[in-house]
Number of protein chains: 2
Amino acid sequence: MKFDDKVPIYYQIKNYLYHEMMTGTLGPGDKLPAVRQLAVDLTVNVNTVQRALGEMITEGTIESQRGKGNFVTMDTNRITQLKEQLVIEQLERVYNELHALNLTDEQILTSLQTYIERRGQQHD
Amino acid sequence: MKFDDKVPIYYQIKNYLYHEMMTGTLGPGDKLPAVRQLAVDLTVNVNTVQRALGEMITEGTIESQRGKGNFVTMDTNRITQLKEQLVIEQLERVYNELHALNLTDEQILTSLQTYIERRGQQHD
DNA sequence: TATAGTGTAATGGTAAAATATAACACTAGG
DNA sequence: CCTAGTGTTATATTTTACCATTACACTATA
């Protein structure tokens, strides 16, 4: 996994796991890879993984069972709620950034539209 | 100025100055505030300001004249080019993030649209 | 020439993130 | 009971960002 050195790795690990949960790769009740395995996969230290997991446990998005493993919460509401929150955060951020670059609401929308259109022609 | 502790301050200073340039507060050829003044304004250390400016000087967006001050480049092409780049970066980022959250192109667009609409009702 | 305003750079210190390493605690299965 | 797999915690070390402070280099001007 490639990391952006502008933001803490443990933070990016959280996002990585969020994505796994959102795309269904990790469903409710699913067991996460062992912390040591995650550390190897992400080429990162166990403590760093643990820090990310610790925050997610506190949040309630995953639940830890000592000796067994870490599991995605069975509370599907919490997951959909989390997704909503993550989407809003992204929208908020891009809106503020582009607004700060002096784009109008209209321009922000159309710029994203044309970006997606062009992207559709070139990629995937 | 409020800083997000998840990303380096010198990086946020760059963005701050970019915004000043984009909104025309700092036009081509304009003199930037003195580094010590910037440091005071942003409640930040001179070295931190200098680090941000250093990168912008390397990029060519501002030009330094020892003993005189720092100046926005006269090359207006570079500025518009920079704006394009910053916008694209933001679009790319939000697209990738929302795509990773399993939203379709359609959903990404409409979610931003409704976000802006709701925002228009509530804020400013 | 002296001085004030400017950019530039070096030193040393603090804090946070990440690392390597080791140890401890619990569970399941032979 | 023992062992392998798991989560948890602790210590020490390195790196990076940031800060405080000081000094140096250049420009303009009185």
Side-chain angles (χ1 to χ4, degrees), chain A residues 1-18 20-21 25-75, chain B residues 1-18 20-21 26-74:
Chain A
M1 176 172 179
K2 65 171 176 56
F3 291 105
D4 174 8
D5 60 354
K6 289 294 183 309
V7 40
I9 293 180
Y10 77 89
Y11 201 76
Q12 298 180 57
I13 294 176
K14 281 176 67 178
N15 280 325
Y16 165 74
L17 292 175
Y18 285 153
E20 297 282 297
M21 293 170 62
T25 308
L26 283 176
D30 279 1
K31 181 174 180 291
L32 273 66
V35 286
R36 289 173 185 77
Q37 188 58 47
L38 267 178
V40 171
D41 293 348
L42 305 177
T43 58
V44 121
N45 190 271
V46 181
N47 289 321
T48 309
V49 172
Q50 195 65 23
R51 171 154 187 188
L53 296 184
E55 294 196 358
M56 294 178 72
I57 291 167
T58 303
E59 290 170 2
T61 51
I62 67 176
E63 288 161 12
S64 155
Q65 295 185 32
R66 198 188 189 99
K68 291 183 177 175
N70 291 304
F71 302 84
V72 178
T73 179
M74 298 289 276
D75 184 349
Chain B
M1 177 171 178
K2 66 170 175 55
F3 292 106
D4 174 7
D5 60 355
K6 288 294 186 309
V7 40
I9 293 179
Y10 76 88
Y11 201 76
Q12 298 180 56
I13 294 176
K14 279 176 68 177
N15 280 327
Y16 165 73
L17 292 174
Y18 285 152
E20 297 283 298
M21 292 170 63
L26 283 177
D30 280 0
K31 181 171 179 294
L32 273 66
V35 286
R36 288 172 184 79
Q37 188 57 48
L38 267 178
V40 171
D41 293 349
L42 305 177
T43 58
V44 123
N45 190 271
V46 180
N47 289 321
T48 309
V49 172
Q50 195 64 24
R51 172 154 187 188
L53 296 184
E55 294 195 359
M56 295 179 72
I57 290 167
T58 303
E59 290 170 1
T61 51
I62 65 175
E63 288 161 11
S64 156
Q65 295 187 32
R66 198 189 191 98
K68 291 185 178 175
N70 291 304
F71 302 83
V72 178
T73 179
M74 298 287 277

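Quick note: numbers below take in every heavy atom, side chains included, and nothing from hydrogens, waters or symmetry partners. So you know, we letter chains A, B, ... as the sequences are listed, proteins then strands, and number each from 1.
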Which residue lies toward the 5' end of DNA chain D, A/Ile57 or A/Gly67, if each is placed at its nearest nucleotide?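 Between the two, 5'-proximity favours A/Gly67.
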What's the closest nucleotide to the side chain of A/Tyr10 if the choices are C/dG7, C/dA18, D/dA17?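 For the A/Tyr10 side chain, the nearest candidate turns out to be C/dA18.
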So if I take every side-chain heavy atom of A/Asn70 and compare against C/dT8, C/dA17, D/dG7, which nucleotide ends up nearest?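 Selected nucleotide (nearest to the side chain): D/dG7.
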To the nearest Å, how far apart are [X] [atom1] and [N] [atom2]?
X       : N      : atom1 : atom2 : value
B/Leu53 : C/dA9  : CG    : C1'   : 14 Å
B/Gln50 : D/dA20 : CD    : C1'   : 16 Å
B/Gln37 : C/dA4  : CD    : P     : 18 Å
A/Ile13 : C/dA18 : CD1   : C1'   : 10 Å
B/Phe3  : C/dA16 : CZ    : P     : 17 Å
A/Met56 : D/dT8  : CE    : C1'   : 18 Å
A/Leu38 : C/dA18 : CG    : C1'   : 16 Å
B/Lys14 : D/dA17 : NZ    : P     : 12 Å

At under 4.0 Å, does any side-chain N or O of [X] touch on OP1 or OP2 of [N]?
X       : N      : value
A/Asn47 : C/dA18 : no
A/Lys68 : C/dA28 : yes
A/Arg51 : C/dA18 : no
B/Thr48 : D/dA17 : no

Distance in Å, B/Met56 CE paired with B/Met21 CE, rounded so as to fall on 0.5 Å steps: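 B/Met56 atom CE to B/Met21 atom CE measures 5.5 Å (nearest 0.5 Å).
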With hydrogens left out and only the distance checked, is there a donor-acceptor pair under 3.5 Å joining A/Asn45's side chain and the base of C/dA20?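 Under the 3.5 Å cut-off, the side chain and the base do form a donor-acceptor pair.
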Taking donor-acceptor contacts at under 3.5 Å, does the side chain of A/Arg36 reach the base of D/dG5?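 Answer no: no donor N or O sits under 3.5 Å from an acceptor.
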For B/Val7, is there any backbone N or O sitting under 3.5 Å from a side-chain donor or acceptor partner on B/Gln12?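 Pair found, side chain donor or acceptor close to backbone of B/Val7.
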Nearest-nucleotide wise, let me know which of A/Tyr11 and B/Gln65 is further upstream toward the 5' end of DNA chain C.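 On the 5' side of the pair lies B/Gln65.
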Does a side-chain heavy-atom distance below 4.5 Å link B/Leu38 with B/Ile13?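 B/Leu38 vs B/Ile13: side chains apart.
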Hey, does B/Asn45 have a side-chain heavy atom less than 4.5 Å from the side chain of B/Ile9?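 B/Ile9 does not reach B/Asn45 side chain to side chain.
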Write down the atom of B/Ala52, the atom of B/Tyr10, and the distance for their closest heavy-atom approach.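 What the structure gives for the nearest pair is CB-O, 3.3 Å.
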